[in-house]
Amino acid sequence: GYRGLGCERARPLLGSGGGMSEWSIDIGGVTVEPRFQQYVCSKEPELRRGELLSRPAGHAHIEAFFDSLDYPQHLEILTWQLEIKERFWASTECRMSINVDNALIETDEQRATFLDVVSRFPTPSTFEFTETHPMPPVQTSNRLLRDVRDLGHLTALDDFGTGLNGMSLLTDYDFDVVKIDRSLVFDITDRIEKQKTVKLINQMLGVLGKRHVVEGIDDEEVYRLLKKAGFTTYQGFLFFRPEPIEDAMARLKVKEDVS
């Protein structure tokens, strides 16, 4: 197992829970199941990417569940997600995005542990840093983002445009990808000012050299307006709904699972 990670469970995590699916994990008596939601890229239709979503059974308020976890539990979930990512890549060669709670990277020791865990799972990933807790100071965060990039991965700013993830994170922090929150686009069809705003955001991302994913695309007209504004990569029910990880792997499989 991982020494010094604060995880009571020994590896492997996958398939270790009696009565649970081979993909699930037990966290504090709650079964957490993985889902996968594929992205669509209008510029590169063959692009194979998507997000790994962790769903606690019986919890309507997902964010509240994850907010209630302690550091070892967050670390255990991260390790579980990375194991899924390795197995998923082995069959699909599809890059996964994985959410990272900022509670995992608050101290120097935690950041060192995070990088150590990530280094053990080398297939390419995108790590999305969420707004639940503030990011560390700019220089500290950018050093971490560079270290993640040096390990062969990308980093993403999640939920841009809501909560703590505002303009300073976009301009000061060295993320590779910006995920634009659905709150910026869901009513774009009725608000000309929002159409102008998202067009400017796309132009700014181009100037900054950042990739993007627009979240929450559930409507054909919203998609048309965003495409007109210059966006190319989308996530939403209009294209793919979250699906059980085994279903996604079967659909996207390019070779047999070697795990």
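Scope of the values below: all heavy atoms of this structure, side chains included, with no hydrogens, waters or symmetry mates.
Contact record, F240 with Q37: O-NE2, 2.9 Å, taken as the closest heavy-atom pair. Pairing each heavy atom of G161 with each of S183, the nearest pair is O-OG, 4.1 Å. The two residues Q110 and A103 make their nearest non-hydrogen contact at OE1-O, 3.4 Å. Here the shortest heavy-atom pairing between V198 and A229 reads CG2-CB, 4.5 Å. Contact between E86 and P122 at its shortest, heavy atoms only, is OE2-N, 3.3 Å. The shortest non-hydrogen separation linking I105 to P136 is O-CG, 3.4 Å.
The closest side-chain donor-acceptor pair between T92 and K253, if any, does not fall under 3.5 angstrom. Side-chain polar atoms of E51 and N99 form a donor-acceptor pair below 3.5 angstrom.
Residues F114 and L78 are in side-chain contact: their nearest non-hydrogen atoms beyond the backbone lie under 4.5 Å apart. The side-chain heavy atoms of T126 and M96, taken from C-beta on, include no pair separated by under 4.5 Å. Taking the side chain as every heavy atom from C-beta outward, I27 and I77 approach each other to under 4.5 Å. Side-chain atoms of Y71 and L104, non-hydrogen and from C-beta on, do get closer than 4.5 Å to each other. Using a 4.5 Å heavy-atom threshold, the side chains of L205 and I180 count as touching. Taking the side chain as every heavy atom from C-beta outward, K227 and S42 approach each other to under 4.5 Å. Here the side chains of T79 and F121 are in contact, with some heavy-atom distance below 4.5 Å. Contact of the T113 side chain with the L75 side chain is registered, since non-hydrogen atoms from C-beta on lie closer than 4.5 Å.
Panel note: side chain D159, backbone D181; no donor-acceptor pair is recorded below 3.5 Å. At least one donor-acceptor pair closer than 3.5 Å links the side chain of S125 to the backbone N or O of T123. A distance-only check finds a donor-acceptor pair linking the side chain of D219 to the backbone of V222 [under 3.5 Å]. In this structure, H59 contributes its side chain and A64 its backbone to no donor-acceptor pair below 3.5 Å. Between the K179 side chain and the F160 main chain, no donor and acceptor come within less than 3.5 Å of each other. A donor-acceptor contact shorter than 3.5 Å links the side chain of H212 to the backbone of T232. A donor-acceptor pair is defined here as one N or O able to donate and one able to accept, closer than 3.5 Å; no such pair exists between the side chain of Q73 and the backbone of L69. Remark: the backbone N or O of F88 is not paired with any side-chain donor or acceptor of S91 at under 3.5 angstrom. R48 places a side-chain N or O within 3.5 Å of a backbone atom of L252 that can act as its donor or acceptor partner. Panel note: side chain S141, backbone V138; no donor-acceptor pair is recorded below 3.5 Å.
Looking at E215 and R182, no side-chain N of the basic residue comes within less than 4.0 Å of a carboxylate O on the acidic one, giving no salt bridge. Salt bridge status for D176 with R149: present, with a side-chain N to carboxylate O gap under 4.0 Å. A salt bridge between R143 and D147 is absent, with no side-chain N of the basic residue lying under 4.0 Å from a carboxylate O of the acidic one.
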Could you please spell out the steps behind the side chain to side chain contact (heavy atoms under 4.5 Å, CB included) verdict for L184 and T197? CA-CA 9 Å; L184 285 179; T197 299; 5.5 Å; no
Dump the intermediate steps for salt bridge (Lys or Arg N to Asp or Glu O under 4.0 Å) on D150 and R146, then the final yes or no. CA-CA 6 Å; D150 288 344; R146 286 194 297 270; over 6 Å; no
Walk me through whether T233 and V40 qualify under side chain to side chain contact (heavy atoms under 4.5 Å, CB included). CA-CA 6 Å; T233 308; V40 163; over 6 Å; no
After noting the C-alpha distance and the side-chain angles of E128 and T155, does the key distance pass the side chain to side chain contact (heavy atoms under 4.5 Å, CB included) rule? CA-CA 6 Å; E128 300 182 12; T155 61; over 6 Å; no
Can F127 and S97 be said to form a side chain to side chain contact (heavy atoms under 4.5 Å, CB included), step by step? CA-CA 6 Å; F127 292 95; S97 289; over 6 Å; no
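I188 contributes atom CD1, which lies 8.5 Å from atom CD1 of I217 (distance to the nearest 0.5 angstrom). Within the model, atoms CD of Q38 and CD of Q235 stand 10.5 Å from one another, a figure rounded to the nearest 0.5 Å. One finds the OG1 atom of T189 at 9.5 Å from the CD1 atom of I192 (value rounded to the nearest 0.5 Å). I25 contributes atom CD1, which lies 8.0 Å from atom CD1 of I84 (distance to the nearest 0.5 angstrom). Distance check, rounded to the nearest 0.5 Å: CH2 of W89 to SG of C94 gives 8.0 Å. One finds the CD atom of Q195 at 12.0 Å from the CG atom of L200 (value rounded to the nearest 0.5 Å).
R35 forms no cation-pi arrangement with W23, by the criterion of a distance under 6.0 Å to the ring centre and an angle within 45° of the ring axis.
More than 12 heavy atoms of other residues, nucleotides or ligands lie within 6.0 Å of NZ in K194, so this atom counts as buried by the packing criterion. The number of heavy atoms from other shown groups lying within 6.0 Å of CD (E221) is above 12.
In this view, E193 and R191 satisfy the side-chain hydrogen bond (donor to acceptor under 3.5 Å, both in side chains) rule, not counting sequence neighbours.
For residues 229-252, the salt bridge (charged side-chain N to carboxylate O under 4.0 Å, His left out) pairs, not counting sequence neighbours, are E243-R251.
Between F129 and F175, the ring-plane angle classifies as tilted under the 30° and 60° cut-offs. Relative orientation of the Y223 and Y234 rings is perpendicular, given thresholds of 30° and 60° on the angle between their planes.
Both F66 and W80 are members of a single hydrophobic cluster when ILVMFWY side chains are connected at heavy-atom separations under 4.5 Å.
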